[in-house]
Amino acid sequence: MDDGRGWQERRRLAVEAHGAALARARAVEGERAAALIAGFVTQARGRGLAATALTARSYAGRGRYRTGLRGWYLRPDLAVGEDGNLYLLTVPASLRARLTGVVVPPYPPRLVIGEGGRDGDSIPLEVLLRRRLDADG
């Protein structure tokens with residue numbers, strides 16, 4: 001007779017398998033998104049689009065912070081850096097950071113930006129990149 005341990009073990013293995021499959025899918029998605037971003041950087045440079053100094057905003061939207069990064073804005077809170085990374089440019093408010101600037105880590109690229117957010121907040125990365133190129137092209 002099964003005392004529940006067999007079921008628990010099968011359940012644990014199923015959860016691990018599901019997690020591994022999700023991680024593989026995310027890795028493939030990240031690679032595809034990174035390739036889109038690399039293509040954007042190449043096209044932007046080829047078209048002579050000037051990279052600008054990127055600034056981050058506080059979550060409340062009141063403060064602006066220097067990041068030391070240069071790149072192209074896709075939206076006010078999202079940009080592609082000259083280094084080919086995607087950056088989410090929102091940070092906690094800080095008086096010290098207003099004086100010294102902030103370090104913004106690269107944002108893991110996804111094929112759909114804002115996925116899982118409110119209706120109308122999600123948009124394919126490819127569309128955002130094309131819009132940015134077309135805006136100055």
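What you see is a predicted model; the values in this text were computed from it and never measured.
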[X] atom [atom1], neighbour heavy-atom count above 12 within 6.0 Å:
| X | atom1 | answer |
| --- | --- | --- |
| Glu126 | CD | no |
| Tyr107 | OH | no |
| Arg32 | CZ | no |

Closest non-hydrogen atom pair between [X] and [Y], with its separation:
| X | Y | answer |
| --- | --- | --- |
| Val41 | Gly84 | CG2-CA, 4.0 Å |
| Glu29 | Val112 | OE2-N, 4.1 Å |
| Arg131 | Ile123 | NH1-CD1, 3.3 Å |
| Leu74 | Phe40 | CD2-CZ, 4.5 Å |
| Ala56 | Val104 | CB-CG2, 4.3 Å |
| Ala34 | Pro109 | N-CG, 4.2 Å |

Please check: side-chain N/O of [X] versus main-chain N/O of [Y], any donor-acceptor pairing under 3.5 Å?
| X | Y | value |
| --- | --- | --- |
| Trp72 | Leu49 | yes |
| Arg66 | Leu99 | yes |
| Arg57 | Leu89 | no |

* **Note, Tyr65 side chain near Arg98 side chain (heavy atom, < 4.5 Å)** => yes

Separation of [Y] [atom2] from [X] [atom1] (nearest 0.5 Å):
| X | Y | atom1 | atom2 | result |
| --- | --- | --- | --- | --- |
| Leu133 | Leu128 | CG | CG | 11.0 Å |
| Ile113 | Leu125 | CD1 | CG | 5.0 Å |
| Ile37 | Thr42 | CD1 | OG1 | 12.0 Å |

* What pairs meet the salt bridge (Lys or Arg N to Asp or Glu O under 4.0 Å) rule with one or both residues in residues 67-83, with sequence neighbours excluded? -> Arg75-Asp77

Side-chain heavy atoms nearer than 4.5 Å, only ILVMFWY residues, links allowed to pass through others: does that put [X] and [Y] together?
| X | Y | answer |
| --- | --- | --- |
| Leu78 | Leu111 | yes |
| Tyr87 | Val102 | yes |
| Leu86 | Leu36 | yes |

* Asked: Taking 4.0 angstrom as the limit, do Glu9 and Arg12 come out as a salt bridge?
  -> yes

